[in-house]
Amino acid sequence: MRIKLKDDFDLRKIAESGQCFRWKACQDNTYRIIAAHRVLTAKQLFASGELELDCTQAEFQGFWRDYLDWDTDYKSIRNRVSTKDHFLSAAAEEEQGVRILRQEPWETLITFIISQRKSIPAIKTAVETLSRRAGDRIVGGGEPLFAFPTVGQLRALPPAELAACGLGYRTEYIYDAARSLPEEEKSLYALSRLGDEELFHALTAFKGVGKKVAFCTMLFGFHRLNAFPQDVWVNRILGEHYPQGFDLGRYAPYNGVMQQYMFAYYRAKADARAPQGGR
DNA sequence: GATCAGGTTTGCA
DNA sequence: TGCAAACCTGAT
């Protein structure tokens, strides 16, 4: 199917914004996306301002519309940026099209636990390995693809298997997270009812989850658009451009979106300077 | 083959 | 409260 884009939407910028690790770049502005037990191939048609998706209307309405956060108006969020803030204005302008996906909370939590002290390629490899070893095979032709494992699947995974996924010291964190949830729990949806502050505390209660991973999980897995993860990159930005501190009161409740613009913009510039290493 | 990577915990002042 | 050191292992 094809669908007309109505506001900010750029597949490449989303793919490179560091929030998702199961998007694979293909040729011609096309990405293969794995989410839940589904696969989607999406192509951006810049000439017509459309998106081409290899799913039906019903699948789009029933799943991908929500996943892609189709109904949030990012243009109006972007327009909140103060023109006096030169860095953020430039970032929002340049990174127009970034969106915050509505990813599965459990997958997001575990993925960001894995992310600590790993490069993005290494994170992707680890997530693929874990999915292959513990997740369901996604039905369909072509190469075998695997869904991210559920709570139960990770709990049931023999410790040796988990240890063989190349997760290093994070193995124990993941093991603990799966064991700490009630037997019948399939995900973390029960936490959705919590307010931001309570959710933050619930997440940091998991071993191996500190401030940064908790905020990433809130932003990308629970769609709390005000969560403002501070990693080394954001800290560099704040040091360079906001020596007096970034005013979190100003853009509430959309601090997380602003963070994404800043992050993507700064990273893109850093990559342009040092294409190989990343720094 | 050394160095580093989108962090957290632990131990010690 | 604040600051280092240690932690596994893939990627470069």
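Residue numbers start from 1 in every chain, and the chains themselves are labelled A, B, ... in the order their sequence lines are given, proteins ahead of strands.
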Enquirer: Between A:Y173 and A:Q260, name the one whose nearest nucleotide on DNA chain B is closer to the 5' end.
Expert: A:Q260
Enquirer: A:Y266 pairs by side-chain contact (heavy atoms from CB on, under 4.5 Å) with which of A:V234, A:I237, A:D271?
Expert: A:I237
Enquirer: Take the protein atom CG of A:L167 and the nucleotide atom C1' of C:dC7, then report the distance between them rounded to whole Å.
Expert: 14 Å
Enquirer: Searching all strands shown, indicate the nucleotide that pairs with C:dG2 (Watson-Crick or G-U wobble; both distances under 3.5 Å).
Expert: B:dC12
Enquirer: Given B:dT8, C:dC8, B:dG6, which nucleotide is nearest the side-chain atoms of A:I120?
Expert: B:dG6
Enquirer: Could you check how far CZ of A:R267 sits from C1' of B:dA5, rounded to whole Å?
Expert: 10 Å
Enquirer: Can you tell me how far C1' of B:dT8 sits from CZ of A:F112, to the nearest Å?
Expert: 16 Å
Enquirer: Distance check needed: C:dG10 P versus A:Q116 CD, whole Å only.
Expert: 16 Å
Enquirer: Is A:F263 stacked on the base of B:dG6 when the test is centres under 5.5 angstrom and planes under 30 degrees?
Expert: yes
Enquirer: Counting side-chain heavy atoms from C-beta on, which of B:dT10, C:dA11, B:dT8 comes nearest to A:T125?
Expert: C:dA11
Enquirer: What nucleotide among B:dT10, B:dG6, C:dC7 has an atom nearest to a side-chain atom of A:K207?
Expert: B:dT10
Enquirer: Looking at every heavy atom in both A:Y74 and A:V98, which two are closest together, and how far apart are they?
Expert: CD2-O, 3.9 Å
Enquirer: Just checking A:G18: base, sugar-phosphate only, or nothing, at a heavy-atom cut-off of under 4.0 Å?
Expert: base
Enquirer: Could you work out which one of C:dC8, B:dG6, B:dT10 sits closest to the side chain of A:Y169?
Expert: C:dC8
Enquirer: Does A:R267 qualify as a cation-pi partner of A:W233, given the criterion of NZ or CZ under 6.0 Å from the six-membered ring centre and within 45 degrees of its axis?
Expert: yes
Enquirer: Determine the contact category for A:V209: base if any of its heavy atoms lies under 4.0 Å from a base atom, sugar-phosphate if only primed atoms, P, OP1 or OP2 are that close, otherwise nothing.
Expert: sugar-phosphate
Enquirer: Without decimals, in angstroms, what is the distance between A:K118 NZ and C:dC7 C1'?
Expert: 12 Å
Enquirer: Whom does C:dC8 pair with, Watson-Crick or G-U wobble, provided both distances fall under 3.5 Å?
Expert: none
Enquirer: What nucleotide among C:dT12, B:dG6, C:dG10 has an atom nearest to a side-chain atom of A:P121?
Expert: C:dT12
Enquirer: Send over the distance from A:L219 CG to B:dG6 P, rounded to a whole Å.
Expert: 18 Å
Enquirer: How close or far is atom C1' of B:dT8 from atom NZ of A:K212, stated in whole angstroms?
Expert: 12 Å
Enquirer: Report the distance from atom NZ of A:K124 to atom P of B:dG6, rounded to the nearest whole Å.
Expert: 12 Å
Enquirer: Flag yes if A:L88 and A:Y265 sit in one hydrophobic cluster, no otherwise; membership is Ile, Leu, Val, Met, Phe, Trp, Tyr, and two members link when side-chain heavy atoms are under 4.5 Å apart.
Expert: yes
Enquirer: Does the pair A:K4 and A:E50 meet the rule for a salt bridge (Lys or Arg N to Asp or Glu O under 4.0 Å), with working shown?
Expert: CA-CA 4 Å; A:K4 188 84 180 165; A:E50 290 174 304; over 6 Å; no
Enquirer: Between B:dG6 and C:dC3, how many Å separate the two P atoms, rounded to a whole number?
Expert: 23 Å
